[in-house]
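Within every chain, numbering begins at 1; the chains are lettered A, B, ... in the order of the sequence lines, protein sequences first and strands thereafter. Predicted model, so just to flag it, every value in this text is computed and none were measured.
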There are 2 protein chains.
Amino acid sequence: MQFDADQFRSLCAEHGLAVTHQRQVIYQALMSMHDHPNPEVVYEKVRKRIPSISLATVYKNIKTFVDSGLLREVSLHHGPARLETNLDPHHHLVCIQCKTIVDLDDGDLEPVRLKKKLPRGFSVQRYSVEVIGLCKHCST
Amino acid sequence: MQFDADQFRSLCAEHGLAVTHQRQVIYQALMSMHDHPNPEVVYEKVRKRIPSISLATVYKNIKTFVDSGLLREVSLHHGPARLETNLDPHHHLVCIQCKTIVDLDDGDLEPVRLKKKLPRGFSVQRYSVEVIGLCKHCST
DNA sequence: TATTAAACGATAATTATTATCAAACGTCAA
DNA sequence: TTGACGTTTGATAATAATTATCGTTTAATA
């Protein structure tokens, strides 16, 4: 407890963030959840320890943590749906900045190969590879 | 023109969809856009040919096309953000049904290897592989 | 401990999407 | 062709997810 609090204190110091009770409880909630929660679920969990916390505070701190690199969003594609008519197996090149998506032919990369067994009972439908980076336009 | 209309007619017949002017214009707009548009952008494009079309019609037809397999959403992760605290390079196992995400260690799969050069000026930051399928729970 | 900037809580606003429902349209059999 | 019936459309309300606003409270630090 004391130890974790101190750890969090120095994490915040490193990133120039004020140490608040809400912030610490949100961070600890996130660290304890290994199932990639959405903000609403984090809110519900945090509310058990701080019933009066505001949903906006949870959103704001998540944003702060992501901006500071303490936390990541699983995908660049949350938000509005993105559509495609290319039904052949293929992959994507994605720009972190402008979110532009460019197709990459399936044949343009070596097939994905697993070294380990997947969890029991999971039936694979397809693999999707994203090459993530900055496009020409955004890197200048 | 006549040819495309006939093609669309049989596509609809195959999938049990009524052939409407709106539906055809939306489909042709989508087929002509190779930049993975969102529904709003499709709406703007379609409005040039049918200024009176409703945004809801665009959404409904996109849904219909996706359900019929004529169209795909680029990612399973549109909608609410999903968060993770695992900052080490890793990949994901994703269930198409319940959207559960499970981490896959970077070492659990062979490194992604490109056979072809990427478009000029794109600087790769990382690769993200998604193993997409049905989890144990959802496949029963 | 006083000052100042950062964060909080309440809530309004915005964005993305789905639901509702009456009117118009497409399908198909007579 | 026409008429009955189910589907689709358009207008708009409702919902979900997120961000903005702003007055109050709290943390940092001098």
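With DNA chain D read from its 5' end, the first of the two nearest nucleotides for G79(B) and G16(B) is the one closest to G16(B). Checking A56(B) against L55(A), the closest nucleotide of DNA chain C that is more toward the 5' end is the one next to L55(A).
For the residue pair D106(B)/H91(B), the side-chain donor-acceptor check at 3.5 Å is satisfied.
Remark: the backbone N or O of C135(B) is not paired with any side-chain donor or acceptor of H137(B) at under 3.5 angstrom. Although no hydrogens or angles enter the test, the distance criterion places a donor-acceptor pair under 3.5 Å between the side chain of N38(B) and the main chain of E40(B).
For S54(A), whose side chain is taken as the heavy atoms from C-beta onward, the closest listed nucleotide among dT18(D), dG9(C), dA11(D) is dG9(C).
Atom CD in E44(B) sits roughly 14 Å away from atom P in dT15(C) (whole-Å rounding). Atom CG of N38(A) and atom P of dA16(D) are 13 Å apart (whole Å). Summarising the geometry, the separation between CD on E73(B) and C1' on dT17(C) is reported as 11 Å, rounded to the nearest angstrom. Rounded to whole Å, the distance from CD1 on I26(A) to P on dA7(C) is 12 Å. Straight-line distance from the NE2 atom of H78(B) to the C1' atom of dA17(D): 12 Å, rounded to whole Å. Summarising the geometry, the separation between OH on Y43(B) and C1' on dG10(D) is reported as 10 Å, rounded to the nearest angstrom. Separating the CD atom of Q24(A) from the P atom of dT26(D) is a distance of 17 Å, rounded to the nearest angstrom. We find that CD1 of I50(A) is positioned 18 Å from P of dT25(D), with the value rounded to whole Å.
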Margin query: Go through it in stages, so that I can follow the logic: the residues are V41(B) and K45(B), the test is side-chain contact (heavy atoms from CB on, under 4.5 Å), and I'd like the CA-CA distance, side-chain angles, deciding distance and then a yes or no.
Written below: CA-CA 6 Å; V41(B) 170; K45(B) 172 130 193 169; 5.7 Å; no
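Of the residues in residues 57-67 of chain A, those placing a heavy atom less than 4.0 Å from an atom of DNA chain C are T57(A), K60(A), N61(A), in numerical order.
Relative orientation of the H36(B) and H92(A) rings is perpendicular, given thresholds of 30° and 60° on the angle between their planes.
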N/O to N/O distances under 3.5 Å, protein versus nucleotides 25-30 of chain C:
| residue | atom | partner | partner atom | Å |
| --- | --- | --- | --- | --- |
| dT27(C) | OP1 | V19(B) | N | 3.3 |

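Within 6.0 Å of NZ in K116(B) there are 12 or fewer heavy atoms belonging to other residues, nucleotides or ligands.
Applying the 4.0 Å criterion to OP1 and OP2 of dG9(C), one finds that Q22(A) has a side-chain N or O inside that range.
In this structure, K99(B) and I96(B) approach most closely via the heavy-atom pair CE-O, 3.4 Å. What you find for Y27(A) and L70(A) is that their closest heavy atoms are CE1-CD2, 3.7 Å.
Test H15(B), R23(B), R72(B) against F65(B) for side chain to side chain contact (heavy atoms under 4.5 Å, CB included) and you get one pass: R23(B).
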